[in-house]
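The structure under discussion appears below in the form of structure tokens.
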2 protein chains.
Amino acid sequence: MAILLPVKRAFLIYESPSLNEALSRIEEAFVEQRTVLIVGRCWVEYRGRASSKLKPGERIVIVKEDGSLLVHRCRGYEPVNWQPPGCFFKTHMNDNSLTVKAIRRSPRETVIIYFDQIYLLSTFKLIDEGEFSIYASEEDIQKAILLNPSIIEDGFTPIEYEKKVESGFVDVYGVDKEGRMVVIEIKRRTVGKDAVLQLARYIESIKTSAGREVRGILAAPQISGEARDLLTSLGLSFKRVDPKKCSEMFRKVKDKKISDFLQAEEV
Amino acid sequence: MAILLPVKRAFLIYESPSLNEALSRIEEAFVEQRTVLIVGRCWVEYRGRASSKLKPGERIVIVKEDGSLLVHRCRGYEPVNWQPPGCFFKTHMNDNSLTVKAIRRSPRETVIIYFDQIYLLSTFKLIDEGEFSIYASEEDIQKAILLNPSIIEDGFTPIEYEKKVESGFVDVYGVDKEGRMVVIEIKRRTVGKDAVLQLARYIESIKTSAGREVRGILAAPQISGEARDLLTSLGLSFKRVDPKKCSEMFRKVKDKKISDFLQAEEV
DNA sequence: GAGTGGATTTCGCAT
DNA sequence: ATGCGAAGTCCACTC
């Protein structure tokens with residue numbers, strides 16, 4: 001027989017709680033793996049890969065159910081201090097301040113937050129099964145090229161994707177209408193010299209092992225002037241692709257696997 | 001004569017407001033450049049460099065006074081959707097949902113959030129002048145090497161830092177005890193093949209323009225196995241440095257400028 | 001505004 | 001665990 005226990009209200013909100021009151025509510029929330037949201041005056045110490053100190057001020061602090069931590073100042077997209085998921089937390093009162101300590105195991109790191117005033121404390125469990133989908137990634141471009149190789153040039157035939165070479169993976173590899181080997185490096189945004197060097201390295205590695213001519217094509221929406229100079233001097237080429245159009249193209253056949261797109265056999 | 005206006009309470013907190021009530025409070029907050037914190041059920045569309053859709057679920061939404069936007073799900077360090085500072089915002093009611101739209105000018109991007117339920121709304125101005133200081137950055141290592149060149153090796157004499165070469169900037173450049181040119185690339189953490197290639201590129205560029213032998217040293221706390229192989233095959237070398245120790249060393253003389261550390265003249 | 005490189009990058013994937 | 005590369009990366013800095 002089922003016993004109905006009293007259901008704890010989902011959203012707990014405390015306005016300007018005392019530090020002792022806040023301590024109790026936060027500890028409860030940690031036990032129950034509730035998300036904790038605090039707006040208050042605090043100072044922060046971080047020790048780990050680097051170290052940092054943040055002097056007192058009013059901030060927004062979030063501890064999520066997965067053990068991630070965010071400390072946000074009044075400005076900026078990025079948190080001033082944080083920890084990725086997986087931390088465990090300790091709390092205690094100390095000289096008129098409430099301490100929340102986030103501890104990470106590997107790498108060993110700690111973030112310690114000292115509150116001397118809390119304006120808002122809220123703890124809750126977020127119910128969120130909503131699907132997240134994103135378009136116009138590098139993978140979408142890759143699929144579009146495999147699906148419609150003429151994006152690169154007439155007569156291009158892809159043979160493999162994510163092909164392992166000595167120094168890493170080639171995004172797409174195939175042959176042109178003259179039968180020459182073609183290696184394609186894909187970037188979803190303006191490419192700089194790094195991408196050119198990366199492609200050059202792949203070409204070098206393949207030339208050495210295959211012992212024949214290899215064409216290198218950088219497929220991206222844009223290329224910087226200096227990168228183009230370098231590209232040209234290395235005998236490589238650039239093909240403009242529009243990530244959005246690629247993404248739209250791919251969306252029509254999104255049920256297909258990448259491997260279905262390959263129509264030619266290895267040469 | 002000064003007129004005392006009624007002071008608006010700093011922290012406004014609304015528990016489960018109606019969408020219409022929330023709309024008014026949010027619009028007020030935007031006008032007054034207050035930070036807006038919302039916990040509620042929403043769905044999100046993003047269009048810009050890429051596109052994304054997030055189906056309904058409960059999330060934490062923050063709009064900061066500088067026009068940055070964060071949408072956080074119940075897990076993870078990173079926001080699921082966001083905008084960096086500088087957005088402007090529009091709000092309106094629409095078919096039983098409250099819409100908050102963030103618009104960025106360059107690149108042109110929009111994030112649209114539709115709420116159909118709000119559990120917590122809070123608006124406030126954070127007072128935060130607290131200084132933030134961080135230690136053990138790549139710059140700290142650079143300073144430590146300039147301050148105490150024997151970190152690299154006995155007899156090493158730095159000559160320049162951030163020296164411009166054809167393909168970028170060399171972190172530190174100097175001569176060894178034999179008078180050979182030395183180029184040092186600094187990384188604050190484990191280095192992979194990219195850093196090796198970067199150093200190799202600098203060496204190549206300098207060799208070409210200087211027309212003489214150049215030694216390359218990668219200074220970092222660690223190097224990956226494959227990166228070490230590549231390093232060796234390219235005739236470069238690795239020097240282990242501890243970012244923390246470098247940082248401590250630097251802290252003792254943090255009032256000095258980098259340029260004060262250079263004791264030798266250009267050769 | 002473009003271009004470059006760092007970051008307590010984080011994240012995911014493969015070895 | 002290590003290694004590697006992408007990311008709507010963001011950000012600071014230079015030209």
Side-chain angles (χ1 to χ4, degrees), chain A residues 44 46-52 68-69 71 76-86 102 104-111 132 134-142 162 164 167-169 171 185-195 198 222-230 243-244 247, chain B residues 46-52 68-69 75-86 104-111 132 134-139 141-142 162 164 167-171 185-195 198 222-230 243-244 247:
Chain A
V44 186
Y46 158 67
R47 273 170 227 281
R49 289 161 293 177
S51 311
S52 73
S68 49
L69 169 71
V71 181
Y77 153 88
E78 292 178 327
V80 58
N81 284 111
W82 71 91
Q83 277 301 299
R104 186 185 186 182
R105 281 292 162 71
S106 175
R108 173 73 188 187
E109 299 195 299
T110 56
V111 174
F132 179 69
I134 191 162
Y135 309 97
S137 62
E138 179 176 319
E139 193 191 358
D140 288 0
I141 301 175
Q142 188 184 34
E162 300 299 334
K164 176 112 184 72
S167 50
F169 286 86
D171 289 332
E185 174 70 25
I186 299 164
K187 296 291 169 194
R188 64 170 307 287
R189 54 171 189 166
T190 305
V191 293
K193 285 182 287 192
D194 280 6
Q198 194 177 332
Q222 226 188 333
I223 184 167
S224 74
E226 294 201 29
R228 186 181 273 282
D229 293 345
L230 183 59
K244 293 237 176 130
S247 182
Chain B
Y46 157 69
R47 273 172 226 280
R49 289 161 293 178
S51 311
S52 73
S68 49
L69 168 72
R75 284 178 295 195
Y77 153 86
E78 294 180 325
V80 59
N81 283 112
W82 71 90
Q83 276 302 300
R104 186 185 186 184
R105 283 290 162 71
S106 174
R108 173 74 189 187
E109 298 195 299
T110 56
V111 174
F132 178 70
I134 190 161
Y135 310 96
S137 61
E138 179 175 319
E139 193 189 358
I141 301 176
Q142 187 184 35
E162 300 300 335
K164 176 109 185 72
S167 51
F169 287 86
V170 163
D171 289 333
E185 173 69 27
I186 300 165
K187 295 291 168 193
R188 66 172 306 288
R189 57 173 186 166
T190 305
V191 293
K193 285 183 286 192
D194 280 6
Q198 192 177 335
Q222 224 188 335
I223 185 167
S224 76
E226 294 200 29
R228 186 182 274 281
D229 293 345
L230 183 59
K244 293 244 176 122
S247 180

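Every chain is numbered from 1, with letters handed out A, B, ... down the list of sequences.
Between A:Leu69 atom CG and C:dT8 atom C1' there is a gap of 12 Å when expressed in whole angstrom units. Look at CD1 on A:Ile141: it is 8 Å from P on D:dA7, rounded to the nearest Å. Between the P atom of C:dA2 and the CG atom of A:Asp229 lies a distance of 17 Å, rounded to the nearest Å. The separation between B:Ile223 atom CD1 and D:dG3 atom P is 10 Å, rounded to whole Å. Atom-to-atom, CD of A:Glu139 to C1' of D:dG5 comes out at 14 Å; the value is rounded to the nearest Å. Whole-Å rounding puts the B:Arg104 CZ to D:dC11 C1' distance at 11 Å. Per the geometry, CZ belonging to B:Arg108 stands 19 Å off C1' belonging to C:dG1, to the nearest Å.
Residue-to-nucleotide proximity on DNA chain C shows that, of A:Asn81 and A:Gln222, the 5′-proximal contact is made by A:Gln222. Across the interface with DNA chain D, nearest-nucleotide mapping of B:Gln83 and B:Gly192 shows B:Gly192 to be the residue nearer the 5′ end. Closest-nucleotide positions on DNA chain C for B:Ile134 and A:Ala227 were compared, and the one nearer the 5' end corresponds to A:Ala227.
Side-chain atoms of B:Glu109 come within donor-acceptor range of the base of D:dG8, with a qualifying N/O pair under 3.5 Å. In this model, no side-chain donor or acceptor of A:Asp194 finds a partner on the base of C:dG5 within 3.5 Å.
Note on B:Arg189: every side-chain N or O is 4.0 Å or more away from OP1 and OP2 of C:dG6. Between D:dG8 and B:Arg47, no contact under 4.0 Å exists linking OP1 or OP2 to a side-chain N or O. At C:dT4, one or more side-chain N or O atoms of A:Ser224 fall inside 4.0 Å of OP1 or OP2 (strictly under the cut-off). At the phosphate of D:dT9, neither OP1 nor OP2 sits under 4.0 Å from any side-chain N or O atom of B:Trp82. Note on A:Lys193: a side-chain N or O is less than 4.0 Å away from OP1 or OP2 of C:dT4.
In this structure, B:Arg104 contributes its side chain and B:Gly86 its backbone to no donor-acceptor pair below 3.5 Å. A side-chain donor-acceptor contact under 3.5 Å links A:Lys244 to the backbone of B:Gly48. Listed for the A:Ser52 side chain is no donor-acceptor partner under 3.5 Å among the backbone atoms of B:Ile134. Side-chain atoms of B:Gln142 come within 3.5 Å of backbone N or O of B:Asp171 as a donor-acceptor pair.
Residues A:Val80 and A:Val44 are not in side-chain contact: their nearest non-hydrogen atoms beyond the backbone lie 4.5 Å or more apart. Counting heavy atoms from C-beta outward, A:Arg49 and B:Arg189 have side chains that stay 4.5 Å or more apart.
Within 4.0 Å of B:Ser106, counting heavy atoms only, lie sugar-phosphate atoms of the nucleic acid but no base atom. Backbone-only engagement by B:Arg188 is indicated by non-hydrogen atom pairs under 4.0 Å involving sugar-phosphate atoms exclusively. At a threshold of 4.0 angstrom between heavy atoms, the contacts of A:Glu185 are confined to the sugar-phosphate backbone, with no base atom among them. Residue-level contact check: A:Val191 touches neither bases nor backbone, having no heavy atom under 4.0 Å from any strand. Nucleic acid contact for B:Gly48: none, since no nucleic acid atom lies under 4.0 Å from a heavy atom of the residue.
Taking the side chain of B:Arg49 as heavy atoms from C-beta on, and the options C:dT8, D:dC11, D:dC10, the nearest nucleotide is D:dC10. In this structure, of D:dC11, C:dT8, C:dC11, it is C:dC11 that holds the atom nearest to the side chain of A:Pro84. Checking C:dT10, C:dT8, D:dG8 against every side-chain atom of B:Glu78, the shortest atom distance belongs to C:dT10. Listed nucleotides D:dC11, D:dG5, C:dT8 differ in distance to A:Lys187; the shortest reach to its side chain belongs to D:dG5. Set against C:dT8, C:dT4, D:dG5, the side chain of A:Gln198 has D:dG5 as its closest nucleotide. For B:Tyr77, whose side chain is taken as the heavy atoms from C-beta onward, the closest listed nucleotide among C:dT8, C:dG6, C:dC11 is C:dC11.
Residue A:Glu78 holds its CD atom at 11.5 Å from CH2 of B:Trp82, rounded to the nearest 0.5 Å.
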